[in-house]
Chemist: 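Here's a structure for you.
Here is the naming used below: chain letters follow the sequence lines, and residue numbers restart at 1 for every chain. Below, all heavy atoms of this structure are taken into account, side chains as well, without hydrogens, waters or symmetry copies. Computed from a prediction, not measured in an experiment: that's the story for all the values here.
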Number of protein chains: 2
Amino acid sequence: HILFCGSCGRMRICGNKKCDTPSSISPTCKLSRKKIQINQSYGWVRSVRAQKANVFLHVNDGSSLQSLQVVASSELSDPLLTFGSAVEVTGILKKSPHQKQPVELDAKNHKFIVFCFIFFFLRTFPLKSKSDMALSIFANFLISGDNGFVEINTPIITSNDCEGAGELFQVEVIKAPYGENFFSVPAYLTVSGQLHLEVVSGAFSKVYTFGPTFRAENSQSRRHLAEFYMVEAEISFTQSLEDLTKVMEDMFRFATEHVLAHCVEDVDLFHKHVTPGQKLKEYLVSFLRITYREAIDILRRSSERFAFPTDWGCDLKTEHEKYLVKHCGNIPVFVTDYPYDLKPFYARDNQDHPERTAAAVDLLVPGVGELCGGSLREERLNLLSARAGLEDVYSWYLDLRRFGSVPHGGFGLGFERYLQCILGVDNIKDVVPFPRFSHSCLL
Amino acid sequence: HILFCGSCGRMRICGNKKCDTPSSISPTCKLSRKKIQINQSYGWVRSVRAQKANVFLHVNDGSSLQSLQVVASSELSDPLLTFGSAVEVTGILKKSPHQKQPVELDAKNHKFIVFCFIFFFLRTFPLKSKSDMALSIFANFLISGDNGFVEINTPIITSNDCEGAGELFQVEVIKAPYGENFFSVPAYLTVSGQLHLEVVSGAFSKVYTFGPTFRAENSQSRRHLAEFYMVEAEISFTQSLEDLTKVMEDMFRFATEHVLAHCVEDVDLFHKHVTPGQKLKEYLVSFLRITYREAIDILRRSSERFAFPTDWGCDLKTEHEKYLVKHCGNIPVFVTDYPYDLKPFYARDNQDHPERTAAAVDLLVPGVGELCGGSLREERLNLLSARAGLEDVYSWYLDLRRFGSVPHGGFGLGFERYLQCILGVDNIKDVVPFPRFSHSCLL
């Protein structure tokens, strides 16, 4: 099994599965100077070039964007051997006489098996393409990034009908007895792990979850999926929005610097073919911070004609968010202190009459608009109780305050939107292998 | 913010969030010898002991099983200060005069705020207890363990009604228009990410997923949840069950050695209070390997009276699995080559007439029974097509063979059962913070 160093392009022979992943080998590795020996490799053929005496193949096993050059005898004339074939190749790893690759596999006079010809039906199985491969490598890196919080798996099925029941998916066993629920109560797919994280943040002071969330939005938008992933964090004893925005900014920086350091080729591939001219590094220079009041002022002063109103108290729509990001120089922008009535019941009241804002923040980023939303949570029982209808459906949430709560806050980041932002992918459906949206649930 | 070294029990001052997690500090760390300075700490009070001049508190912030001893002036007489209070303490970190702890926080003459008294209603919010905290720390370690595979998020909502439709949850928007589905087709919660991993393994040769799966089993068993996590792996070009069992064994060893190396205190806590006498290390000595035929012979020779039959062709029930593990000396046991008709449609036919077995394997472990199930997948179109009904509902799965497939195989490991096994927890509902099972979906 042959692996490639993602940094230097050199190859190494992987003897066991505990070996480093290709991209983590240092650029100064000396692996290609190892003693030549017989190697066995599996993979899929990326190209075939026949010459008089030899056939040159590029074989890729999915562990790197780079392929292994294989030199086989031209006597090898399997009709199945073509772009997309799956092959097993045995040969000797040699220094390549060409500049393009440091080594190549000499497969002449060795076992060479063509398993099959694979027809690439990319639309149905989108991961069988180079750029989608790169996407999954990104996800792989990002998920394993450790930010020091305790990870909690918040439940997928919940009896909370949180935040506007219209967008909920209900869950029920197919052949439920008439009038009876499997869980005894109506159950839904989670729209956010936040409330459960708030429970757990009463024992661990810093917690996060990374998991699927669901919204039944009947939308074909380029920014929405019915099933998407969120990184959500909750921090106990936090008393200012500044603390939260610092964590959000640090997390964005950390992840993006990680991607820039470890996935150079993948980023290049995207920015060359998908978003020419995108300068990811510029996003890391400085994050701007404005209040909702300032955002409204900017929108009202602009000469742009918006489809939706820009009065104080109106929600910021995608068109507004994208304008604000552009206005601020195409860098990430925090918008803080939204009107209290625009934010969910758990957002903390700033008690700043007459405007009455909430200690809530959104992070807007180039190409996407809203990427993160966060807030301090209302920990004061009397203020929370004043919100209509809470006692009926969220008595347990009020209990968390009733029996003791501390100042705390948190935020959620849409993972697919983050991928859209850093890769410059226009349609959110293109950053996941199996996108789910209204009228579509392939496989 | 003060952190504790999980290995040596020493404390360190955490200046930024990028610091190592407490338990990853080496046992030889010299952090407690750092210069004394004023520190601020947040946490929950574990104990209060009042003496003449001083009040001694143990404060814990969830980052470790160990608490910080705080010495406050006895003039501090907040009626809210008691077991469960949330506090902010400022003070000087000093060498403790007592043997019990290396350092303590001298909070006399410093700011001391009691936020509130927290009533511990553990039944509803189970994570607010010491042993549940330990469980989440385990999960945290295990999830971040890197085994060299590419991580793929397989979808939660799927249009496949895989493996026995009776146990499926259906997903639908609450107010679906009459006769119309949100996704245009009936959609279900996934029972396994395997089929999707098989798609992706056609581009990356080694893939895995770690995510929630769902079974609507109407059961109050100690081994079943309606929502549980699986680690599933798929490996292309694998041609023998031995390759698979090696990965399964290595993974179990790696995770368990990791837990034993990094969570000494947590393991001790469990084995002291929950399962006295359990010897986790013994599981790592050797894994046994028997065939289904041998398993049946062992069961039939035993004097044990089983509730279920033990003829060739009968499925192994929990009572059989537990007996086999005990018979083999209370170590993990692989059972291979099950009758073809007992295994799902994708298991590879061994074509060993007249018995006809499948290249499938289960891993049985002490205390739990079946922990993992795996198989080589049937890559031969003609053999797969012969299974009744597949063309209707799994034409896309047959297409994967039709348009080219390679030998491959994989397995799934039930994460909560793994926690049960290594911690010796009898009831699977006790290893997750928000268990879901029939008639129960709290919060």
Chemist: Return yes if a side-chain donor-acceptor contact under 3.5 Å exists between B/Glu379 and B/His408, otherwise no.
Modeler: no
Chemist: Considering only heavy atoms and a distance below 4.5 Å, find which of B/Val185, B/Ile157, B/Leu189 pairs most often with chain A.
Modeler: B/Ile157
Chemist: Assert yes or no for the condition that the ring centre distance of A/Phe434 to B/His196 is strictly below 6.0 Å.
Modeler: yes
Chemist: Quick one: what part of B/Pro155 sits under 4.5 Å from any heavy atom of chain A, side chain, backbone, both or neither?
Modeler: both
Chemist: Which bit of B/Phe437 is near chain A, if near means a heavy-atom gap under 4.5 Å: side chain, backbone, both or neither?
Modeler: backbone
Chemist: Do A/Phe415 and A/Phe228 have ring centres separated by under 6.0 Å?
Modeler: no
Chemist: Sort B/Ser236 into side chain, backbone, both or neither according to what part of it lies under 4.5 angstrom from a heavy atom of chain A.
Modeler: side chain
Chemist: Is the closest basic N to carboxylate O distance between A/Asp243 and A/Lys246 below 4.0 Å?
Modeler: no
Chemist: Any chance the rings of A/Tyr188 and A/Phe214 have centres within less than 6.0 Å?
Modeler: no
Chemist: For A/Ser440, is it the side chain, the backbone, both or neither that has a heavy atom under 4.5 Å from a heavy atom of chain B?
Modeler: backbone
